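None of the values given here were measured: they were computed from a predicted structure.
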Amino acid sequence: MNEETIKALLEAVQQGSCSPSEALHQLKDLPYEDLGFARLDHHRALRTGQSEVIFCQGKQTEHIITILTHLSAKDQNVLATRLEPDNAEKILPHFPNAHYDPLARCLLLRPLAEPTISGRILVMTAGTADLPVAQEAWLTARYMGHEVDRLFDVGVAGIHRLLGQRELMDRAEVLIVVAGMEGALASVVGGLVEQPVIAVPTSVGYGAHFQGLAALLSMLNSCASGIGVVNIDNGFGAASLASAIVRRITRDK
């Protein structure tokens, strides 16, 4: 449930195309639905503008199926993240129209709709090894209704690849920079653009990289201003933050 769906429901009651009892039935699970092992937050989109997303890591397969079933009953698309391929194989037969992206490890119950929110987000990577995290960010932002551009493999080892992409960077409201190794790309981009930059360190690198800790610390200590940093490999969190920023700055346009 979000503002648009509740408004449409109230208008339907006012016009007589929906009875009060049917409206009550649709609203009965607000603010949450208790499944015993989980409490589904159907009120979240109304509060925050972003509906609940299923984080699958650590969850039992049958629990994921039940959650997907109950969320899909609200006649909206549902996003599930960190769903490993072996688990996806068990879940997909229950949802014939679902789409699974093995690179992002994300599942969507319905195809992506056309963007509905003005303002662009750009997802960038330092290298191709960062693509799984970047794809999670791209898919999440698209699911949330944004137009999203992608710019891959423009890391500092070949900085000339980045400098020829100023036009693409300039037309984005928010830039998500995904980088492993030493994470230097975020600082470079932060020194080139005026928009907010969301840096995502990845667990890509050699031993002293410490599974992303080196990139995380590098991004936190960036000398470029206007950079925010999310957790290691957190493409979903970066897209959620970018979505909140874009929705806020374009709300009254």
Side-chain angles (χ1 to χ4, degrees), residues 1-56 59 62-81 83 91-92 94-101 106-121 136-149 172-174 196 236-253:
M1 283 277 178
N2 53 37
E3 289 186 7
E4 288 75 19
T5 56
I6 289 182
K7 182 179 178 181
L9 180 61
L10 293 175
E11 289 176 346
V13 173
Q14 184 182 46
Q15 296 165 4
S17 59
C18 177
S19 68
S21 59
E22 174 59 25
L24 179 61
H25 176 74
Q26 294 188 43
L27 294 171
K28 70 176 183 176
D29 291 325
L30 292 180
Y32 66 87
E33 180 181 4
D34 190 351
L35 301 181
F37 62 89
R39 289 178 171 85
L40 303 186
D41 188 358
H42 296 301
H43 197 260
R44 188 173 304 180
L46 186 61
R47 296 194 318 272
T48 69
Q50 297 178 358
S51 59
E52 184 166 21
V53 172
I54 305 171
F55 180 74
C56 297
K59 285 185 173 66
E62 57 269 25
H63 286 172
I64 298 172
I65 293 172
T66 301
I67 293 171
L68 283 168
T69 300
H70 282 257
L71 288 177
S72 66
K74 299 301 179 182
D75 196 29
Q76 61 185 14
N77 205 351
V78 181
L79 173 64
T81 66
L83 180 63
I91 292 171
L92 284 171
H94 295 268
F95 305 97
N97 296 323
H99 168 72
Y100 178 66
D101 187 323
C106 290
L107 179 143
L108 286 162
L109 282 189
R110 294 176 174 83
L112 284 169
E114 291 298 314
T116 57
I117 302 172
S118 61
R120 291 174 181 266
I121 296 171
E136 181 185 66
W138 176 84
L139 196 63
T140 299
R142 284 287 291 105
Y143 162 77
M144 291 179 174
H146 298 278
E147 188 167 2
V148 191
D149 292 321
E173 269 66 45
V174 181
F236 168 78
S240 297
L241 178 56
S243 174
I245 294 171
V246 172
R247 283 186 288 108
R248 184 69 182 183
I249 64 178
T250 62
R251 184 175 58 177
D252 298 324
K253 287 185 177 181

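Contacts of Asp101 classified as side chain to side chain donor-acceptor pair (under 3.5 Å), with partners at least two apart in sequence or in another chain: Gln135. For the side chain to side chain contact (heavy atoms under 4.5 Å, CB included) test, residues two or more places apart in sequence or in another chain that qualify with Leu241 are Ile198, Ile245. Partners of Ala141 under the side chain to side chain contact (heavy atoms under 4.5 Å, CB included) rule, at least two apart in sequence or in another chain, are Ile121, Val148, Ala239. Residues satisfying the side chain to side chain contact (heavy atoms under 4.5 Å, CB included) test with Thr66, not counting sequence neighbours, are Leu35, Phe37, His70. Remark: Arg142 engages no residue in a side chain to side chain donor-acceptor pair (under 3.5 Å) (not counting sequence neighbours). His99 meets the ring-ring contact (aromatic ring centres under 6.0 Å, His included) test with no other residue; sequence neighbours excluded.
In terms of modelled atom types and a separation under 3.5 Å, the side chain of Tyr143 and the main chain of Trp138 share no donor-acceptor contact. No donor-acceptor pair under 3.5 Å is formed between the side chain of Asn77 and the backbone N or O of Leu108. One N or O on the side chain of Glu136 and one on the backbone of Phe236 form a donor-acceptor pair closer than 3.5 Å. A donor-acceptor pair under 3.5 Å is formed between the side chain of Ser72 and the backbone N or O of Thr69.
A distance of 7.5 Å separates OG1 of Thr116 from NE2 of His146, quoted to the nearest 0.5 Å. Summarising the geometry, atom CZ belonging to Arg247 is positioned 7.5 Å from atom CE belonging to Met144; distances are rounded to the nearest 0.5 Å. Residue Ile249 holds its CD1 atom at 8.5 Å from OG of Ser118, rounded to the nearest 0.5 Å. Rounded to the nearest 0.5 angstrom, Leu68 CG and His63 NE2 are separated by 13.0 Å.
Proximity of Asn97 to Leu109: side-chain heavy atoms (C-beta onward) are nowhere separated by under 4.5 Å.
Salt bridge absent: Arg120 and Glu173 never bring a charged side-chain N and a carboxylate O closer than 4.0 Å.
Taking each heavy atom of Val53 and Leu79 in turn, the nearest pair found is CG1-O, 3.2 Å. Smallest separation of non-hydrogen atoms from Ser240 and Thr140: OG-CG2, 4.4 Å.
Considering Leu92, Thr81, Leu139 as possible partners of Leu107, the one that fulfils the side-chain contact (heavy atoms from CB on, under 4.5 Å) test is Leu92.
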